[in-house]
Amino acid sequence: SQKIEQNSEALNIQEGKTATLTCNYTNYSPAYLQWYRQDPGRGPVFLLLIRENEKEKRKERLKVTFDTTLKQSLFHITASQPADSATYLCALDGSNDYKLSFGAGTTVTVRA
Amino acid sequence: DTAVSQTPKYLVTQMGNDKSIKCEQNLGHDTMYWYKQDSKKFLKIMFSYNNKELIINETVPNRFSPKSPDKAHLNLHINSLELGDSAVYFCASSPRPGGENTIYFGEGSWLTVV
């Protein structure tokens with residue numbers, strides 16, 4: 001069956017450190033993988049999209065990698081700040097359909 | 001200015017009732033979605049419409065019926081509400097269907113069935 005697994009439900013880090021989140025998938029062949037941020041009581045907000053033929057994508061302090069051999073994406077927040085505290089969701093498309101399926105998310109807490 | 005707006009934001013209702021959640025997007029997108037987020041925060045797609053045509057219909061009880069009067073609106077009607085329907089329902093839209101498109105979410109509708 002298809003699965004999207006994100007590492008540990010919660011990640012606590014010190015301000016200024018790099019947070020690394022993992023998204024592993026099984027029985028998907030995604031052409032695209034996306035990352036979203038969700039704050040408590042709010043809807044998810046798009047952060048980054050990476051294509052299957054791209055190894056890495058950056059946006060400001062965010063970096064995403066995509067390894068289709070390992071079936072894994074890594075999401076890095078460098079120089080983390082308390083304002084980065086949120087739940088981060090990975091999402092990927094299925095084969096031959098329009099669905100974007102989401103992982104359960106990893107909640108990041110950045111301590112000042 | 002809200003891109004994807006849904007109403008009501010909070011809804012508390014008794015088992016067996018019928019309720020609707022309305023959604024509108026002003027982004028000019030062709031595709032709209034309903035997602036359900038349960039207590040474990042797992043976000044699962046329920047339905048998707050593209051230009052008023054149903055393109056995704058997941059395994060959802062037929063008590064849930066989406067309706068898209070035009071491509072800017074996608075409403076969700078739920079009949080005979082059950083306790084297990086309590087969740088947050090997110091409306092969303094994207095320019096077109098497919099994984100290369102960014103999805104824009106509404107703020108969610110918190111449904112509590114008592």
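Quick note on labels: first sequence line is chain A, next is B, and so on, each numbered from 1.
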> For atom CD of A/Q14, is the number of surrounding heavy atoms from other residues, nucleotides or ligands below 6.0 Å larger than 12?
Replying inline: yes

>> Given heavy-atom pairs under 4.5 angstrom as the criterion, report whether the side chain, backbone, both or neither of B/S48 touches chain A.
In response: neither

> Under a 4.5 Å side-chain heavy-atom rule over Ile, Leu, Val, Met, Phe, Trp and Tyr, are B/M46 and B/M32 clustered together?
Replying inline: yes

> CZ/A/R51 to CD/B/E100 distance, rounded to the nearest 0.5 angstrom?
Replying inline: 8.0 Å

> Quick one: do B/L83 and B/L76 end up in the same hydrophobic cluster if we chain Ile, Leu, Val, Met, Phe, Trp and Tyr together by side-chain heavy atoms under 4.5 Å apart?
Replying inline: yes

>> Is there a continuous path of hydrophobic side-chain contacts, each under 4.5 Å between heavy atoms, that joins A/V45 to A/L92?
In response: no

>> Please give me the minimum heavy-atom distance between A/R42 and B/W110, naming the atom from each residue.
In response: N-CH2, 4.4 Å

> Non-hydrogen atoms of chain A under 4.5 Å away: do they reach the side chain of B/N50, the backbone, both or neither?
Replying inline: neither

>> Please classify the contact between B/Y104 and chain A as side chain, backbone, both or neither, with a heavy-atom cut-off of under 4.5 Å.
In response: neither

> Could you give the distance from CZ (B/F42) to CG (A/L89), rounded to the nearest 0.5 Å?
Replying inline: 10.0 Å

> In this structure, are over 12 heavy atoms from other groups packed under 6.0 Å from A/E15 atom CD?
Replying inline: yes

>> Starting from B/V88, can I reach B/F47 by hopping between I/L/V/M/F/W/Y residues whose side chains sit under 4.5 Å apart?
In response: no

> Does atom NZ of A/K57 have more than 12 heavy-atom neighbours from other groups under 6.0 Å away?
Replying inline: yes

> Any donor and acceptor pair, going by atom type alone, linking the side chain of A/Q34 with main-chain N or O of B/G99 inside 3.5 Å?
Replying inline: yes

> Taking atom OG1 of A/T107 and atom NZ of B/K41, what is their separation to the nearest 0.5 Å?
Replying inline: 8.0 Å

> So which part of B/K9 gets closer than 4.5 Å to some heavy atom of chain A, the side chain, the backbone, both or neither?
Replying inline: side chain

>> Is it the case that atom NZ in B/K52 sees more than 12 heavy atoms from other parts of the structure closer than 6.0 Å?
In response: no

> When heavy-atom pairs shorter than 4.5 Å are enumerated against chain B, which of A/S101, A/G103, A/G41, A/A31 gives the highest number?
Replying inline: A/G41

>> Among B/A92, B/G108, B/G98, which residue has the highest count of heavy-atom pairs closer than 4.5 Å to chain A?
In response: B/G98

>> Can you tell me if B/R96 has over 12 outside heavy atoms packed within less than 6.0 Å of its CZ?
In response: no

> Around atom NZ of B/K67, are there more than 12 heavy atoms of other residues, nucleotides or ligands at under 6.0 Å?
Replying inline: no

> For B/I56, is it the side chain, the backbone, both, or neither that has a heavy atom closer than 4.5 Å to a heavy atom of chain A?
Replying inline: side chain

>> Could you see if B/I78 belongs to whatever hydrophobic cluster contains B/M15? Use Ile, Leu, Val, Met, Phe, Trp, Tyr and a side-chain cutoff under 4.5 Å.
In response: yes

>> Using 0.5 Å steps for rounding, measure from the OG1 atom of A/T87 to the CG atom of B/L43.
In response: 11.5 Å

>> Just so I know, are the side chains of B/I103 and A/Y36 near enough to count as touching, which here means a heavy-atom distance under 4.5 Å?
In response: yes

> At a heavy-atom separation under 4.5 Å, does A/L49 approach chain B through its side chain, its backbone, both, or neither?
Replying inline: side chain

> Got a salt bridge between A/K99 and B/E58, using NZ or NE/NH1/NH2 to carboxylate O under 4.0 Å?
Replying inline: yes

> Can the ring centres of B/F105 and A/F46 be said to be less than 6.0 Å apart?
Replying inline: no

>> I'd like to verify something: which residue of A/P44, A/A104, A/G105, A/G43 has the highest number of heavy-atom pairs under 4.5 Å with chain B?
In response: A/P44

